[in-house]
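Step one of this worksheet: look at the structure below.
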Amino acid sequence: MHVEEGSVVAHEPMGSAYRVLTLRLPRVAAQARPGQFVHLRLAMLSDAVLRRPFSIYRVDGDCVSILYKTIGRGTAAMKSIRLGDAMNVLGPLGNGFPLPTADAIALPVLVAGGYGVAPLYFLASRLPRTGLLFAGGATNADILCVECFQALGWDVRLATDDGSLGVRGLVTAPLDAWLGEARREPEFFACGPNGMLRAVGERAVAGGWKGWLSLDRHMGCGVGACLACVQMIRKDGVETLARVCKDGPIFESREVVWEPSEP
Amino acid sequence: MHVEEGSVVAHEPMGSAYRVLTLRLPRVAAQARPGQFVHLRLAMLSDAVLRRPFSIYRVDGDCVSILYKTIGRGTAAMKSIRLGDAMNVLGPLGNGFPLPTADAIALPVLVAGGYGVAPLYFLASRLPRTGLLFAGGATNADILCVECFQALGWDVRLATDDGSLGVRGLVTAPLDAWLGEARREPEFFACGPNGMLRAVGERAVAGGWKGWLSLDRHMGCGVGACLACVQMIRKDGVETLARVCKDGPIFESREVVWEPSEP
Amino acid sequence: MTTPQLGITLAGIRMKNPVMVASGTFGYGPEYADLVDLNRLGAIVVKGISLEPWGGNRTPRLVEVSGGLVNAIGLQNPGVQGFVAKYLPFLRHFDVPVIVNIWGKTAEEYAEVAARLDGTEGIAGLEINISCPNIKAGGSAFGTNLESTARVVGAVRRRTRLPIIPKLAPNVSDIAAFARCCVENGADALSLINSYPAMVIDIESRRPVLANVTGGLSGPAIHPIAVKLVYDAARAVKVPLIAIGGITQAREAIEFMIAGASAVAVGTANFTEPLTALEVVDGITRYLGAHGLASAGELVGTVRL
Amino acid sequence: MTTPQLGITLAGIRMKNPVMVASGTFGYGPEYADLVDLNRLGAIVVKGISLEPWGGNRTPRLVEVSGGLVNAIGLQNPGVQGFVAKYLPFLRHFDVPVIVNIWGKTAEEYAEVAARLDGTEGIAGLEINISCPNIKAGGSAFGTNLESTARVVGAVRRRTRLPIIPKLAPNVSDIAAFARCCVENGADALSLINSYPAMVIDIESRRPVLANVTGGLSGPAIHPIAVKLVYDAARAVKVPLIAIGGITQAREAIEFMIAGASAVAVGTANFTEPLTALEVVDGITRYLGAHGLASAGELVGTVRL
Ligand SMILES: Cc1cc2nc3c(=O)[nH]c(=O)nc-3n(C[C@H](O)[C@H](O)[C@H](O)COP(=O)(O)OP(=O)(O)OC[C@H]3O[C@@H](n4cnc5c(N)ncnc54)[C@H](O)[C@@H]3O)c2cc1C
Ligand SMILES: Cc1cc2nc3c(=O)[nH]c(=O)nc-3n(C[C@H](O)[C@H](O)[C@H](O)COP(=O)(O)OP(=O)(O)OC[C@H]3O[C@@H](n4cnc5c(N)ncnc54)[C@H](O)[C@@H]3O)c2cc1C
Ligand SMILES: Cc1cc2nc3c(=O)[nH]c(=O)nc-3n(C[C@H](O)[C@H](O)[C@H](O)COP(=O)(O)O)c2cc1C
Ligand SMILES: Cc1cc2nc3c(=O)[nH]c(=O)nc-3n(C[C@H](O)[C@H](O)[C@H](O)COP(=O)(O)O)c2cc1C
Ligand code: FES
Ligand code: FES
C-alpha cells in the first residue's frame with residue numbers, strides 16, 4: 001500500500017461510455033493483485049474530500065490502468081485528465097481474488113456486469129489457464145473487453161437488457177443455460193451490481209461451488225479506518241461487520257449476509 | 001451589463017509573471033469603456049463562490065482581453081485555462097474613466113502600478129491624443145506594455161523598486177521629477193496599489209488638477225448589491241459610502257476619504 | 001402531461017414560484033435588474049432595514065473560504081425612510097412580492113420599523129432578522145435566546161398586519177424550540193437560516209481578515225446543516241418555511257422542499273451566478289414534471305424515512 | 001537561526017508536535033501505519049470506545065458533500081475490552097501518545113469506560129465524546145446541555161487519574177459556557193469541535209442518503225465555524241485547546257493556533273490524503289521558522305485585534 005504520484009501515460013475512450021486511464025505507478029504496479037483497487041485523489045475537483053475507488057484493470061510493467069464509467073461529478077471531472085498530468089493514487093487496496101492454481105479442478109467462471117469486467121480481465125490475464133466469461137450490461141455499450149478475453153483464449157457469453165448484444169436479459173440467463181449443461185464444476189469470480197452478485201452467490205451456494213464476489217460499497221478512507229464500507233459477514237456461524245475496503249472487496253458467497261432490502 | 005459565456009481565443013504569458021487572456025465576448029465588447037472591469041467566474045475552482053474582478057485591458061472587435069498576475073488560488077487556477085474553453089463573464093462593470101475630449105487643455109498623465117497598466121492601456125487606445133505614462137513595479141518583470149504605449153506615441157517613464165528598469169524607487173520619483181519641470185497641466189488617470197493612488201491623489205489635490213483613481217477593493221457581487229466593496233467618499237461636503245464596483249472603481253482624488261491606516 | 005403549477009401562497013403572499021432571493025445578497029432590486037427578470041422571481045427579500053440609516057462595519061467586509069464566504073457587512077442600509085423613498089418606487093414597477101428584512105437594536109426598534117412599513121404600498125411581508133451574526137447589539141443575540149426571540153417577534157406582531165417571517169439563527173442546539181417560540185408569538189412563516197458565525201485569520205499578519213473580527217459563513221458549505229435544521233423545524237411547526245443556505249442549483253432547493261420547506265431563497269449564489277434563482281425555477285419545473293407532481297406544494301415535506 | 005521547538009506538553013501529555021489525528025478518522029492505528037510514520041504524529045486519538053462492543057448504524061454511513069462529508073458511522077467499536085486486547089498491544093510499539101476517545105449511553109457508562117482504562121499501560125489520556133451527532137442516546141444530547149455535560153465530565157473525572165479532554169459540540173449558541181462547565185468539572189483540556197449535525201436527501205428517491213437519516217458534517221466546510229468557536233473558547237478558559245475541523249494543510253492548523261489552540265487534530269483530510277498530518281507538521285515548522293518563532297507555543301493565541 002502506497003501513496004504514489006503517477007503521471008498519466010494514456011487516457012482513451014473505450015466504446016461510447018467508458019474510458020481507460022493509464023498511470024505510471026511503479027510501486028503500485030509492483031504490488032497489485034487481481035481484485036485489488038486503487039483510490040484516486042481528484043485534485044481537479046477542489047471541493048471533493050473523498051478519493052474515488054477503481055478496480056485495477058491492467059498492469060503492464062510500471063503502468064496501472066483503470067477502466068471507468070462516468071457516474072457523477074467525480075468521474076465527470078476525470079474526463080479532463082490530460083496526458084502528463086500528475087495523479088495521486090493510494091493503492092493497491094483490498095484483498096484481491098484468490099488465484100486458482102494451474103492444477104485446480106474447477107473451471108474459472110467469471111461473471112461481469114458493466115465495468116465489473118475490469119478486475120476480471122486483470123484476473124484472467126494472471127491466470128495460468130482459461131475459462132468462461134459471462135458479461136452483461138444494459139446495452140451493447142456496456143459490454144467491454146470481449147476481444148481481449150477472446151485473445152487470451154476465453155469463451156465469452158453475453159447478455160444485454162435491451163438485447164443489443166448477446167442474449168436479451170440478465171447475465172444470469174446465459175449463465176443458467178450453461179450451468180444446465182455444464183460438465184465441469186465452476187468456481188465463480190464475479191464483479192458487478194449487487195443484484196448480480198447476489199444471484200451468482202445463490203447459484204454458487206446452491207451448487208456447492210466456490211464463488212468469489214467483489215462487493216461495491218461507497219468508501220471513505222479505503223484502508224479500513226473509517227468504517228463507512230461495512231458489510232455483514234458470517235464466518236463459522238458468527239456474524240461480524242467486515243470492511244469492504246480492507247477485509248474485501250472480495251468475499252466468498254457463503255460469507256455474505258445480504259440485507260433483506262438488497263436486490 | 002451582461003452575463004456572457006465566451007470562448008477563449010488566446011491565453012499567453014506576458015513577461016515572466018503575467019498572462020493575457022482573450023475571450024470572444026461580443027456583448028461585453030460592444031459596451032466596454034476604459035476603466036471598466038469584468039467579473040470572471042472560475043468554474044474550474046469548484047469550491048470558489050466568488051468571481052474575480054479584472055480590468056478590461058483591450059477590446060479588439062468581438063474580443064475582450066484581461067492582463068492578470070497570479071496572486072492566490074483563483075489566479076493560480078486560471079493558468080489551466082485552455083484555448084476553446086468556455087468562460088462565464090459578468091460585465092462590463094463599473095463606471096469607467098471619463099474620456100477627455102480631443103480639445104481638452106490638460107495633458108493626460110497615466111500612472112500605473114503593476115497590472116494597473118491594463119485599464120490605462122485600454123484608455124490610451126481610446127484617447128484621441130497622447131500623453132505621458134508613468135509605470136512602476138517591484139522589478140522589471142512588473143513593467144508591462146511599454147512598447148504598446150510607445151507605439152501609440154506615448155512618452156513612457158519607468159521606475160522599479162530594485163532599479164532593474166528605469167529609475168530606482170517608486171513611480172512617484174519620475175512623476176515628481178516631471179511635475180517639477182512640467183509646462184502643461186496634467187490630468188491624472190491612475191491604477192495601482194492604494195499607496196500609489198493616494199500619492200497621485202495628493203499631488204492632484206495639491207496642484208489643483210483632476211486626478212482619476214481606479215480603486216482596488218475585494219468584491220463580492222460586483223454589481224452594487226452586497227456592499228462588500230465600500231469606500232468613504234466626500235461629495236459636496238457630505239461623506240457617504242460608495243460602492244467601488246458600481247459607483248467606481250474610478251473616483252476623483254478629492255472625493256476619496258482615505259482611512260488613517262491606509263498607506 | 002400538464003405543466004406543473006409552481007405558484008404558491010405563503011403566509012398570504014402569492015408568489016409565481018417558490019424561489020426567492022435572500023436578504024443582503026440581492027440589494028434592493030435595481031442592482032440585478034439588468035441581468036435578472038425580477039418578474040420571474042418568487043419574491044425579493046431586500047437587504048436588512050433599520051429605523052435610522054446605518055453605516056455597517058469597516059472593510060474588509062467579506063472573504064471567500066472553501067465552499068463559501070464569510071461576511072460582516074454589518075447591515076449597512078439607508079434606514080426605513082430612505083428605503084421607502086429611494087427603492088420602493090422602483091420595486092413597485094414590478095409584479096413581484098417584496099419582503100422587507102428588518103432589524104433593530106431593541107425589540108422596540110424592530111417594532112417601530114414594522115409599524116412604519118405597515119400599510120406601505122408595495123410591501124408583501126416582513127422578514128425579521130433576529131439572527132445577523134454581524135452586529136454587536138441585537139442580531140444573533142436575539143435569535144439565540146428564546147426570551148428575546150419571543151419579545152422581538154411579539155413586539156413586531158403587535159405593530160403590523162403584514163405577514164411576519166422571523167429569520168432563525170443556525171447556531172442553536174434546538175431549532176424546534178425557536179421555531180415554536182416564533183409561531184407562538186405570531187409568526188406567519190419562518191425563514192431559516194442566516195449565515196453561521198465564523199472567523200478567518202490571515203496567518204501572515206495574524207489578524208482577523210474581516211475588520212469586524214468575526215462574520216457569517218454562507219454558501220454551499222452550510223447547505224447540509226441547513227437541510228437538517230429545516231427538517232427539524234418542519235416537524236415542530238405547521239407554518240410554511242422558507243429555506244436558505246447554500247443553494248447553487250435546483251438540486252439543493254428540491255432537497256430543502258423535500259425536507260419540509262414551502263419556498264427557498266438563493267443567497268451567495270447570486271454572486272457566483274446572478275441567474276441562479278431563475279435556473280432553480282426552471283430546474284424545479286423540470287423535476288416536478290419528471291416526477292409526475294402537479295404542483296410545487298406536492299413536493300413539500302415528502303421525505304421518505 | 002535554530003530550528004523551532006515543536007514539542008508541547010498538553011494536559012501533562014508530552015507530544016513531539018501539536019498535530020494529532022482526530023477520532024474516527026484514523027481507526028486504531030494499524031490502518032494507516034503502512035503509510036504514515038506513527039512516531040511522527042503528535043498523538044493518535046482512536047475511534048470512540050464504549051463499554052460493550054457496538055455495531056454502529058446501517059449503511060450508507062457516509063456521503064460526500066461540497067467541501068466535506070456527512071457521516072453517520074454510529075460509533076461502531078469493539079468495546080473497551082476488545083480495544084485493549086486487539087489494538088493497544090500494537091500501539092504500544094510506537095513512541096506516540098495514545099488518547100482514547102470514549103462514549104457511553106449514560107454518564108455512568110462513560111465513567112465505567114474511563115475507570116477500566118485508568119492505569120492501563122499505553123494510554124496517555126481520554127477524550128470524552130459528548131458531541132457525537134450520530135447516536136440517539138448520549139452523544140450530542142449530552143454535549144448541548146450544560147447539566148448533562150457537567151454530569152458526564154464530573155462522573156469521568158471521579159473515576160480516572162488520566163488527563164480528561166471533553167470534546168465539545170459545535171451546535172451551541174454559547175461555546176464559552178460549555179468550555180467553562182467542562183473545566184469546572186475537572187477537564188484538563190478541551191477538544192473542539194465534533195462534526196456538525198447535518199442531513200443529505202437524495203432527490204430522486206426522496207430518501208435521506210444516510211441510513212441514520214442525519215449525520216455529522218466535517219471537512220473544510222466547517223473550518224471557519226470551528227475557528228470562531230476556538231477563538232471564543234480560548235477567551236473563556238485557561239486549559240489548553242485541541243482544535244479540530246477542516247484542516248487540510250498547515251494554514252488551517254496555524255489559524256487555529258493563532259485563534260488560541262495549543263494543538264490541532266486532522267480528521268477528514270486523512271481520507272483525502274493520509275500524509276496530511278505530517279505535511280501539517282512540516283508546514284508549521286516552516287512557518288515558525290519564517291516568522292522567527294522559537295516554539296509552537298509562541299504562536300498560540302496570538303491573534304492581533
Ligand atoms: C472496490 C470498488 C471498485 C470499483 N471499480 C470501478 C471500476 O473499475 N470502474 C468504475 O467505473 N467504477 C468502479 N467503482 C465505482 C466507482 O468508485 C464510482 O463509479 C465512483 O466513485 C463514482 O464517483 P462519482 O463522483 O462520479 O459519482 P457520485 O455519485 O457523484 O459520487 C458521490 C460519492 O458516492 C460514491 N459512489 C458513487 N457511486 C459509487 C459506486 N458505484 N461505488 C462506490 N462508490 C460510489 C463516490 O465515490 C463519491 O464518494 C468501484 C467501486 C468500488 C467500491
Ligand atoms: C476593479 C478591479 C480591477 C482589477 N484588475 C486587475 C487586473 O487587471 N489584473 C490583475 O491581475 N488583477 C486585477 N485585480 C485584482 C484581482 O481581482 C485579484 O488579483 C484577484 O481577485 C486575486 O484572486 P486570487 O483568487 O488569485 O487571490 P486570493 O488572494 O486567493 O483571493 C481571495 C479573495 O480575495 C480577492 N482578492 C485578492 N486580491 C485582490 C485584489 N488585489 N483586488 C481585489 N480582490 C482581491 C479575490 O477576488 C478573492 O475573493 C483587479 C481588482 C479590482 C477590484
Ligand atoms: C453579503 C451578505 C449579506 C447579507 N445580509 C443579510 C441581511 O441584511 N439580512 C439577513 O437577514 N440576512 C443577510 N444575509 C444572509 C442571507 O440572507 C442568507 O441567509 C445566508 O447568506 C445563507 O444563504 P446562502 O448560503 O444561500 O448565502 C446576508 C448574506 C450575505 C452573504
Ligand atoms: C468518519 C468519521 C468518524 C468519526 N468518528 C468519531 C468518533 O468516533 N468520536 C469522535 O469524537 N469524533 C468522531 N468524528 C469526528 C472527528 O473526530 C472530527 O471531530 C470531525 O470530523 C471534524 O474534523 P475534520 O473536519 O477535520 O474531519 C468522526 C468523523 C468522521 C468523518
Ligand atoms: S472505506 Fe473506510 S473503512 Fe472502508
Ligand atoms: S462588490 Fe458587491 S457591492 Fe461592490
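When reading the values below, keep in mind they use all heavy atoms of this one structure, side chains included, and skip hydrogens, waters and symmetry mates. Protein chains get the first letters and strands the later ones, always in sequence-line order, with residue 1 at the start of each.
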Taking 4.0 angstrom as the limit, do B/Lys246 and C/Glu31 come out as a salt bridge?
no

For chain C, which candidate among B/His2, B/Arg243, B/Met219, B/Met1 shows the most heavy-atom pairs at distances under 4.5 Å?
B/Met1

For B/Glu5, does the CD atom have more than 12 heavy-atom neighbours from other residues, nucleotides or ligands under 6.0 Å away?
yes

Interface check, chain B: of C/Pro60, C/Ser66, C/Pro30, most non-hydrogen pairs under 4.5 Å belong to C/Ser66

Would you say the side chain of B/His218 lies within less than 4.5 Å of the side chain of C/Glu64, judging by non-hydrogen atoms?
no

One option among B/His39, B/Arg73, B/Met232 has the most heavy-atom pairs under 4.5 Å with chain C, and it is B/Arg73

I need the residue from B/Gly224, B/Ala43, B/Ala48, B/Ala225 with the largest number of non-hydrogen atom pairs under 4.5 Å to chain C.
B/Ala225

Give a yes or no on this: more than 12 heavy atoms of other residues, nucleotides or ligands lie within 6.0 Å of atom NZ of B/Lys210.
no

Close side-chain approach of C/Thr272 to B/Arg51, heavy-atom, < 4.5 Å:
no

State, to 0.1 Å, how close C/Pro274 and B/Leu90 come at their nearest heavy-atom pair, and which atoms those are.
CG-CD2, 4.1 Å

Side-chain contact, heavy-atom cut-off 4.5 Å: C/Leu62 with B/Leu50?
yes

Separation of C/Phe271 CZ from B/Arg41 CZ (nearest 0.5 Å)
14.0 Å

Give, as side chain, backbone, both or neither, the part of C/Leu35 having an atom under 4.5 angstrom from any heavy atom of chain B.
side chain

C/Phe26 vs B/Cys226, side-chain contact (heavy atoms from CB on, under 4.5 Å): CA-CA, chis, key distance, verdict:
CA-CA 7 Å; C/Phe26 208 77; B/Cys226 74; over 6 Å; no

CG-CG distance between B/Leu227 and C/Asn57, expressed to the nearest 0.5 angstrom
11.5 Å

C/Arg206 atom CZ, neighbour heavy-atom count above 12 within 6.0 Å:
yes

Is there a side-chain contact (heavy atoms from CB on, under 4.5 Å) between B/Val230 and C/Gln76 once you walk through the steps?
CA-CA 10 Å; B/Val230 294; C/Gln76 181 189 331; 3.6 Å; yes

I need the C/Thr59 OG1 to B/Leu241 CG distance, nearest 0.5 Å.
9.0 Å

Show the nearest heavy-atom pair for residues B/Asn88 and C/Glu273, with the distance to one decimal.
ND2-OE1, 3.0 Å

Is there side-chain contact between C/Pro220 and B/Val49, with at least one heavy-atom pair below 4.5 Å?
yes

Chain C interface, residue from B/Cys229, B/Gly222, B/Cys221, B/Ser46 that has the most non-hydrogen pairs under 4.5 Å
B/Cys221

